[in-house]
Amino acid sequence: MSQSSPTVVVLAAGEGTRMKSGTPKVLHEVLGRSLLGHVLSATEQLEPSSTVVVVGHGRDIVTGHLTDVAPWAVPVVQRQQNGTGHAVRVAIDAIPDVAGVVVVVGGDTPLLTSRTLADLVAVHQQRGASATVLTARLDDPAGYGRVVRGHDDEVRRIVEDRDADADTLALREINSGIYAFNATALRSALGRLTADNSQGEEYLTDVVALLVDEGLRVGAMVVNDPDEVIGVNDRVQLAEADVILRRRINEQWMRAGVTIIDPATTRIGSDVSIDPDAVIEPWTILEGTTRIGRGAVVGPGAHLVDCIVGEEATVRFSTADGAEIGQNASVGPYTYLRPGTRLAQGAKAGAFVEAKNANIGEGSKVPHLSYVGDADIGEGSNIGAATVFVNYDGVDKHRTVIGDHVRIGSDTMLIAPVTVGDGAYTAAGSVITDDVPPGAMGVARARQRTIRGWVLRRRRGTASAKAAEAAQHRGDVGADGDTGGDSGDNDRGVDGPDRRDAAEGTDA
Ligand code: UD1
Ligand code: CA
């Protein structure tokens with residue numbers, strides 16, 4: 001551990017009343033990561049010797065969240081929220097041997113970058129200050145603490161918005177709530193804080209005046225980009241932070257070689273990764289740990305959560321959650337892929353197809369209007385339109401296994417558990433309850449009856465009857481005759497189906 005590795009204290013005990021929420025403020029999310037998660041991913045880059053997170057309101061759920069996103073961070077409980085100064089005191093008391101630099105950050109500043117934090121620590125150390133405040137100059141400083149400087153331009157104190165007089169309120173330099181402190185100076189000043197202010201709280205900001213009064217130097221570093229220090233206190237600021245972070249993430253991917261056709265309608269989560277030459281079309285939302293491969297085209301209108309999209313694959317107007325879409329595979333439009341769906345290379349899930357827990361093998365196609373649940377489909381197979389993998393018997397789910405180069409006829413119901421062997425066919429409209437061996441044709445449907453002349457007898461005078469009559473006069477085959485009853489012309493046996501059974505599937 002290098003001598004300069006700082007101790008980080010993140011303040012996250014406040015309720016965040018202005019959010020008007022049942023969820024602690026720091027757990028509200030911006031682009032798939034909590035406010036606290038954003039802050040911790042920035043502080044982590046400082047390689048701190050330790051990271052303490054002060055928790056209070058909703059401490060169990062905040063602590064649980066820390067275990068998920070930042071297991072290296074140590075939660076310390078502030079039982080009563082007596083102010084930011086009190087919160088830091090509680091944190092420092094929990095690290096008895098604290099020395100060197102202490103970085104304090106609010107848990108509600110999700111746009112802060114690790115680079116700015118590192119600069120703050122460097123500036124603090126170079127100047128040998130007892131404290132260095134990260135500040136910003138804002139056109140609208142309302143709500144923030146104001147930085148009051150002396151005639152020599154040195155920082156004198158910080159005055160909270162609600163405790164400020166008109167002259168102080170007019171100052172545009174604000175306290176970001178992010179600081180670097182000398183540990184010893186901080187510890188001694190914290191012991192002398194009072195709650196003599198409009199909120200009756202111990203303000204961390206009062207440490208500044210205490211240090212100055214002691215003759216110690218307090219510096220300030222003005223942030224280049226004021227967006228970085230936006231503190232999220234309500235849902236309006238949450239949405240503002242979202243817009244800024246979204247633009248930042250989009251620009252990062254564009255600079256890395258990804259084409260984003262319409263950044264304004266594209267949302268890419270903080271933990272998504274995209275390879276160069278991928279194209280993100282408008283109205284696309286990529287969330288969770290989604291990974292997009294080189295040359296893939298995603299969108300328009302794709303919503304992917306925790307998905308893997310292979311190179312050169314396409315996903316249009318579709319939603320997918322926990323799905324793996326192979327290289328060159330094609331999804332959409334209007335497809336719903338649920339967890340456990342895996343499309344191998346060159347596979348297709350087309351319009352109005354829903355799939356879950358299903359392996360769709362290399363080059364296999366489910367082009368239209370099907371439900372594929374709990375299935376293993378081999379290579380080069382085709383699933384005809386409106387096929388349903390009937391996986392649920394009302395109590396349990398069962399799997400269906402389809403071999404290689406199978407042709408499932410349109411509107412086949414595959415009643416699981418059932419297996420269709422390699423190279424086998426099913427006839428359109430079949431309800432397949434028994435395994436179909438390799439190379440066989442499974443036919444399971446009622447035989448058609450054709451009742452000749454029925455319309456002429458039973459629907460006399462209708463347009464249909466007139467059309468039939470006209471066809472009869474022209475001598476069209478099959479239009480005449482009024483004998484009724486079953487036709488003998490349709491006698492295709494189950495053992496020897498002709499091409500028409502097999503041709504009833506649909507193809508891409
Ligand atoms: C604070 C600063 C203000 C600064 C602003 C920047 C003080 C007194 N004021 O004001 O100068 O401009 O941040 O965003 O420090 N917290 C605790 N325990 C407490 C109180 C707060 O852990 O007892 C945590 C909150 O959860 C939050 C952070 O400290 O993450 C800041 O508290 P908040 O109430 O948001 O302070 P501001 O009023 O924004
Ligand atoms: Ca705040």
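Just follow the structure's listing: the first ligand is 1, and inside any ligand the first atom is 1.
At least one N/O-N/O distance between Glu160 and ligand 1 falls below 3.5 Å. Ligand 1 has no nitrogen or oxygen under 3.5 angstrom from a nitrogen or oxygen of Leu204. Looking at ligand 1, you won't find any N or O of Gly106 less than 3.5 Å from one of its N or O atoms. In terms of polar-atom proximity, Gly14 is counted as a contact of ligand 1, with an N or O under 3.5 Å from an N or O of the ligand. Residue Gln78 places at least one N or O, backbone or side chain, under 3.5 Å from an N or O of ligand 1. The shortest N or O to N or O distance between Tyr179 and ligand 1 is not below 3.5 Å. Note: no N/O pair closer than 3.5 Å links Thr109 and ligand 1 by distance alone.
Enclosure of atom CG in Asp196 is not indicated, since only 12 or fewer non-hydrogen atoms of other residues, nucleotides or ligands lie within 6.0 angstrom. In this structure, Arg89 places its CZ atom where more than 12 heavy-atom neighbours from other residues, nucleotides or ligands lie under 6.0 Å away. Heavy atoms from other residues, nucleotides or ligands lying under 6.0 Å from CZ of Arg192 number more than 12. The environment of Arg291 atom CZ is sparse: at most 12 non-hydrogen atoms of other residues, nucleotides or ligands sit within 6.0 angstrom. More than 12 heavy atoms of other shown residues, nucleotides or ligands fall within 6.0 angstrom of atom CG in Asp152. Other residues, nucleotides and ligands contribute at most 12 non-hydrogen atoms within 6.0 Å of the CZ atom of Arg162. Counted within 6.0 Å of CG on Asn224, heavy atoms from surrounding residues, nucleotides or ligands total 12 or fewer; the atom is thus considered open.
For the residues Gly16, Gly83, Ala12, the heavy atom positioned nearest atom 19 (C) of ligand 1 is part of Gly83. Comparing Thr84, Leu11, Val105 against atom 31 (C) of ligand 1, the shortest heavy-atom distance belongs to Thr84.
Using a 4.0 Å heavy-atom cutoff, Asp108 is listed among the residues neighbouring ligand 1. Contact annotation: His86 has no heavy atom less than 4.0 Å from any atom of ligand 1. Not a single heavy atom of Gln237 sits closer than 4.0 Å to an atom of ligand 1. Using a non-hydrogen distance threshold of 4.0 Å, Gly56 does not register as a contact of ligand 1.
If you look at Ile174 next to ligand 1, there are no close heavy atoms at all, none under 4.0 Å. Of all the heavy atoms of Arg146, none lies under 4.0 Å from any atom of ligand 1, so neither backbone nor side chain is involved. Contact annotation: for Ala13 versus ligand 1, heavy atoms closer than 4.0 Å belong to both the backbone and the side chain. Under 4.0 angstrom from ligand 1, the non-hydrogen atoms of Lys25 all belong to its side chain.
For the Ca ion (ligand 2), the set of nearby N, O or S atoms under 3.0 Å includes one belonging to Asn233.
Interface atoms of ligand 1 facing Gly145, defined by a heavy-atom separation under 4.0 Å, are 3 (C), 4 (C), 11 (O), 12 (O). Interface atoms of ligand 1 facing Asn82, defined by a heavy-atom separation under 4.0 Å, are 23 (O). Per-residue contacts place Ala87 under 4.0 angstrom from the following atoms of ligand 1 (heavy atoms of the residue considered): 17 (C), 18 (N), 22 (O). For ligand 1, the atoms sitting less than 4.0 Å from at least one non-hydrogen atom of Gly107 are 30 (O), numbered in the order shown with element in parentheses. If you number the atoms of ligand 1 from 1 as listed, the ones under 4.0 Å from a heavy atom of Thr205 come out as 7 (C), 8 (C), 9 (N), 11 (O), 15 (O). Annotation for ligand 1: atoms under 4.0 Å from non-hydrogen atoms of Arg18 are 38 (O).
A donor-acceptor contact shorter than 3.5 Å is absent between the side chain of Ser21 and the backbone of Met19. When atom types are taken as modelled, the side chain of Thr63 and the backbone of Asp60 share no donor-acceptor pair closer than 3.5 angstrom. Between the side chain of Asp321 and the backbone N or O of Arg338, no donor-acceptor pair lies under 3.5 Å. Using a distance-only test at 3.5 Å, with no hydrogens or angles considered, no donor-acceptor pair links the side chain of Thr266 to the main chain of Pro282.
Looking only at heavy atoms of the protein, atom 12 (O) of ligand 1 is closest to Asn175 O, 2.6 Å. The single protein non-hydrogen atom nearest to atom 6 (C) of ligand 1 is Ser176 O, 3.4 Å, given as residue, atom name and distance. Of all protein heavy atoms, the one closest to atom 13 (O) of ligand 1 is Gly177 CA, 4.4 Å.
Taking the N/O/S atoms of Asp108 in turn, the shortest distance to the Ca ion (ligand 2) belongs to OD2.
Side-chain contact check for Gln78 and His86: at least one donor-acceptor pair (N or O, by modelled atom type) lies under 3.5 Å.
With salt bridges taken as basic N to acidic carboxylate O contacts below 4.0 Å, none links Arg267 and Glu287.
Here the side chains of Gln125 and Val101 are in contact, with some heavy-atom distance below 4.5 Å.
With Thr314 as the fixed residue, the side chain to side chain contact (heavy atoms under 4.5 Å, CB included) test singles out one of Val298, Val279, Val297: Val297.
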### Task
With side-chain contact (heavy atoms from CB on, under 4.5 Å) as the test, would you mind laying out the steps for Asp165 and Leu169 before giving the verdict?
CA-CA 6 Å; Asp165 59 23; Leu169 285 175; over 6 Å; no
